[in-house]
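Small disclaimer: the values here were computed from a predicted structure and weren't measured.
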Amino acid sequence: MKQQRVLKLHNSLSGKKEIFQPIVPGHIGMYVCGPTVYSDVHLGNCRTFTSFDVIYRYLLHIGYKVRYVRNITDVGHLTDDGEDRMAKGAKVAQLEPMEVAQRYTVGFHDMMRIFNNLPPSIEPRATGHIPEQIDMVKDIIDRGYAYERNGSVYFNVIKFSQENPGVYGQLSGRVVDELMAESRDGLKNQEEKNHPADFAIWMKGRPQDIMVWKSPWSVGFPGWHLECSAMSTKYLGQTFDIHGGGNDLKFPHHENEVAQSNGACGCSPANYWLHTNMLLLNGKKMSKSDGNIINPPQLFTGESEHISKSYSPMAVRFFMLQAHYRSTLDITDDGLQAAEKGFKKLMDAYNTLQNLPVNARDFDGSETEHDRAILALIEDAYQGMDDDFNTAIALASLSELGGYVNKIAHKQLASGDVAPWVIERLKSAFHTLVFDIFGLKDEESKEDSGTVEGLMELILELRANARAQKDWAASDKIRDTLAEVGIQVKDGKDGVSWEKN
RNA sequence: GGUAUCGUGGCCGAGCGGUUAGGCACAGGUCUGCAAAACCUGCUACAGCGGUUCGAAUCCGCUCGAUACCUCCA
């Protein structure tokens with residue numbers, strides 16, 4: 001299974017699926033735009049990073065050595081009123097800017113852990129890379145694509161696009177001429193720019209700005225798009241393999257990154273650009289002002305008008321995996337419930353599979369249609385992943401494999417119908433896909449103390465006695481009362497089990 | 001207004017010119033004292049109107065609708 005499957009991915013630069021070719025065989029450099037840590041993580045962030053987590057996991061699985069860089073943005077983004085975001089957060093909370101950044105960075109990491117996302121290889125902070133950003137501004141000026149105005153430095157989009165036809169706008173489909181026509185009043189420092197499409201790569205700080213640094217041009221802070229260019233260059237090189245982020249970053253953020261890198265070194269930053277799509281809530285975009293919003297903790301506690309119950313992190317992860325990363329995904333209570341059940345069923349099938357006895361004697365050595373079907377489904381799952389990381393396809397195959405597992409477990413297939421080696425192959429593939437690639441984990445509460453186990457054993461024994469004496473009233477009372485406190489009794493063929501809801 | 005993506009059965013959601021996606025719900029069945037759970041089976045849709053093609057959910061055009069971006073939020 002290792003190395004080298006033919007991987008296709010959708011490149012936003014071309015708008016098409018392309019066969020992936022790493023710059024250095026066997027190695028991949030991947031940069032994903034990380035969060036701005038001025039408030040709690042948005043659910044949409046979680047989706048994006050979960051999507052890239054699965055991508056990262058799959059690339060590792062198929063044998064690549066991956067350097068995954070995801071930044072923490074702790075400076076540089078402006079609010080509507082032109083204030084530095086970090087500074088604004090600081091004023092509200094009466095905290096040091098770096099204290100705000102630290103608090104939300106920790107919260108972000110906690111949430112990534114809850115969703116079972118692997119940490120990136122490197123997680124650089126913008127504030128830790130001011131010299132690199134200043135150097136990049138110098139490079140851009142030296143190559144003639146930026147100009148200084150009153151202590152701020154602007155990227156010259158017009159000159160750049162004239163001298164590098166076809167570059168600016170390739171990602172987003174924007175046309176520079178239209179940007180000119182579309183430009184509006186009220187944009188920051190518009191009057192300083194040569195052209196409305198130009199953007200700042202260094203901003204001169206004003207007295208109220210707290211997070212400022214010395215530079216050759218002024219005491220100020222780096223431009224809004226520069227950190228990603230500077231940090232990706234530092235850790236992955238001037239041109240690397242994959243650059244990812246949310247769809248909403250395509251323009252202007254990523255478009256400007258491309259321009260900056262080209263402006264600084266004459267080279268394109270990334271060969272493949274991957275963009276994840278947005279999350280909707282009940283068919284509409286999430287919006288704080290409309291109340292159409294839900295955050296991760298609310299999802300886990302059920303404390304929201306939009307949902308009827310709480311959902312576990314893995315149920316939510318499964319929900320996300322059911323959709324392709326480039327599609328919008330609509331969060332609905334029904335959808336989450338369906339995912340929760342689907343996830344549980346998948347885990348049940350996994351557990352059943354692990355306990356499946358392999359009976360070599362009954363197998364006559366020939367390959368059956370069931371053997372072929374199972375192997376084909378496993379291959380389908382991998383091919384789904386090879387095809388632009390289509391987790392929905394892979395999950396569907398896994399689901400069907402679960403059906404086979406149950407048929408075997410329930411003896412609906414004769415034991416000679418599936419070869420032992422196919423069962424072994426299924427076991428390992430199932431495990432690999434579910435845990436290593438999808439990053440799911442079993443959430444069955446195993447932390448329950450022995451006390452509860454002991455009590456339940458006693459209660460179910462009492463019920464069994466009542467049933468043996470056909471005392472249905474007593475046995476049903478036990479069952480119904482347990483149901484009221486959220487414990488479901490399951491009468492199975494080979495005994496009674498129970499489960500907390 | 002401009003740009004992009006999309007509109008699939010009761011719900012969510014794959015599909016990239018010809019074959020069953022899958023999940024949930026629902027129906028039937030197995031099991032059961034009854035029920036639940038579990039498992040099995042079934043359930044043939046593609047916004048509208050034109051066009052291309054032997055053949056279209058899939059390509060093209062128009063209409064309607066949604067979402068995103070253009071206002072830095074992934």
Classify [X] by what it touches in the nucleic acid, base, sugar-phosphate, or nothing, heavy-atom distance under 4.0 Å.
{"X": "A/E400", "value": "sugar-phosphate"}
{"X": "A/L279", "value": "base"}
{"X": "A/V489", "value": "base"}
{"X": "A/S172", "value": "sugar-phosphate"}
{"X": "A/G44", "value": "base"}
{"X": "A/T276", "value": "nothing"}

Any side-chain N or O of [X] less than 4.0 Å from the OP1 or OP2 oxygen of [N]?
{"X": "A/S327", "N": "B/G13", "result": "no"}
{"X": "A/N390", "N": "B/G15", "result": "yes"}
{"X": "A/T328", "N": "B/C6", "result": "no"}

> When you match A/K250 and A/G283 each to their closest nucleotide on RNA chain B, which lands nearer the 5' end?
Replying inline: A/K250
>> For A/G335 and A/H42, find the nucleotide of RNA chain B closest to each by heavy atoms; which residue's nucleotide sits nearer the 5' end?
In response: A/G335
> Do the numbers put A/K309 on top of the ring of A/Y311, so that NZ or CZ is under 6.0 Å from the six-membered ring centre and no more than 45° off the axis?
Replying inline: yes
> Do we get A/R70 above A/F52's six-membered ring, with its NZ or CZ under 6.0 Å from the centre and within 45° of the axis?
Replying inline: no
> Only one of A/F108, A/Y56, A/Y68 forms a ring-ring contact (aromatic ring centres under 6.0 Å, His included) with A/F49, so which one is it?
Replying inline: A/F108
Could you state the [atom1]-[atom2] distance from [X] to [N], rounded to the nearest angstrom?
{"X": "A/D380", "N": "B/U20", "atom1": "CG", "atom2": "P", "value": "14 Å"}
{"X": "A/K477", "N": "B/A36", "atom1": "NZ", "atom2": "P", "value": "21 Å"}
{"X": "A/N292", "N": "B/A66", "atom1": "CG", "atom2": "C1'", "value": "14 Å"}
{"X": "A/L280", "N": "B/A74", "atom1": "CG", "atom2": "C1'", "value": "13 Å"}
{"X": "A/D334", "N": "B/C24", "atom1": "CG", "atom2": "C1'", "value": "8 Å"}
{"X": "A/L395", "N": "B/G15", "atom1": "CG", "atom2": "P", "value": "13 Å"}
{"X": "A/L171", "N": "B/C70", "atom1": "CG", "atom2": "C1'", "value": "15 Å"}
{"X": "A/H275", "N": "B/C6", "atom1": "NE2", "atom2": "C1'", "value": "17 Å"}

If you restrict it to nitrogen or oxygen atoms, what contacts under 3.5 Å exist between nucleotides 32-34 of chain B and the protein, and what is each distance?
residue: B/G33; atom: N7; partner: A/R467; partner atom: NH2; Å: 3.4
residue: B/G33; atom: O6; partner: A/R467; partner atom: NE; Å: 3.4
residue: B/G33; atom: O6; partner: A/S475; partner atom: OG; Å: 3.3
residue: B/G33; atom: N1; partner: A/D476; partner atom: OD1; Å: 3.1
residue: B/G33; atom: N2; partner: A/D476; partner atom: OD2; Å: 3.0
residue: B/C34; atom: N3; partner: A/R479; partner atom: NH2; Å: 2.3
residue: B/C34; atom: N4; partner: A/R479; partner atom: NH2; Å: 3.0

Taking all heavy atoms of [X] and all of [Y], pick out the closest pair and write down the distance.
{"X": "A/L482", "Y": "A/V489", "value": "CD1-CG2, 3.6 Å"}
{"X": "A/D417", "Y": "A/D371", "value": "O-OD1, 3.6 Å"}
{"X": "A/C33", "Y": "A/H243", "value": "SG-NE2, 3.6 Å"}
{"X": "A/M211", "Y": "A/F221", "value": "O-CB, 3.8 Å"}

Whether [Y] and [X] form a salt bridge (side-chain N of Lys/Arg under 4.0 Å from carboxylate O of Asp/Glu) is what I want to check.
{"X": "A/K477", "Y": "A/E484", "value": "no"}
{"X": "A/R479", "Y": "A/D476", "value": "yes"}
{"X": "A/K17", "Y": "A/D388", "value": "no"}

Rounding to the closest angstrom, what is the interatomic distance between [N] and [M] at atom [atom1]?
{"N": "B/A45", "M": "B/G10", "atom1": "C1'", "answer": "12 Å"}
{"N": "B/C11", "M": "B/U52", "atom1": "P", "answer": "33 Å"}
{"N": "B/C6", "M": "B/A14", "atom1": "C1'", "answer": "14 Å"}
{"N": "B/G42", "M": "B/C16", "atom1": "C1'", "answer": "30 Å"}
{"N": "B/A57", "M": "B/U8", "atom1": "C1'", "answer": "7 Å"}
{"N": "B/C54", "M": "B/C70", "atom1": "P", "answer": "46 Å"}
{"N": "B/U63", "M": "B/C43", "atom1": "P", "answer": "39 Å"}
{"N": "B/G7", "M": "B/G15", "atom1": "C1'", "answer": "14 Å"}

> Does A/H254 use its side chain to pair, donor to acceptor, with the backbone of A/S172 at less than 3.5 Å?
Replying inline: no
> Between the side chain of A/S161 and the main-chain N/O of A/I158, is any donor-acceptor distance below 3.5 Å?
Replying inline: yes
>> Given A/D53, which partner from the list A/R47, A/R317, A/R113 fulfils the salt bridge (Lys or Arg N to Asp or Glu O under 4.0 Å) test?
In response: A/R317
Can you tell me which nucleotide in [options] comes closest to the side chain of [X]?
{"X": "A/K17", "options": "B/A25, B/C16, B/A74", "value": "B/C16"}
{"X": "A/D330", "options": "B/A37, B/G13, B/C72", "value": "B/G13"}
{"X": "A/A323", "options": "B/A14, B/G23, B/C70", "value": "B/A14"}
{"X": "A/D248", "options": "B/C70, B/A74, B/A37", "value": "B/A74"}

> Got a donor-acceptor pair under 3.5 Å from the side chain of A/H324 to the base of B/A14?
Replying inline: no
>> Quick one about A/E257 and A/S232 (side-chain donor to acceptor, distance below 3.5 Å, no hydrogens or angles considered), yes or no?
In response: no
>> Expected output check: what is the dot-bracket annotation of RNA chain B, where ( ) and [ ] are pairs inside the strand (brackets for crossing ones), | is paired with another strand, and pairs are Watson-Crick or G-U under 3.5 Å?
In response: ((((((((.[[[..)..(...]]].(((((.......)))))....[[[[[..)....]]]]])))))))....
Where do N or O atoms of nucleotides 38-42 of chain B meet protein N or O atoms at under 3.5 Å, pair by pair?
residue: B/C40; atom: OP1; partner: A/G403; partner atom: O; Å: 3.4
residue: B/U41; atom: OP1; partner: A/K407; partner atom: NZ; Å: 3.1

> If we only count heavy atoms from C-beta on, is the A/M111 to A/C46 side-chain gap below 4.5 Å?
Replying inline: yes
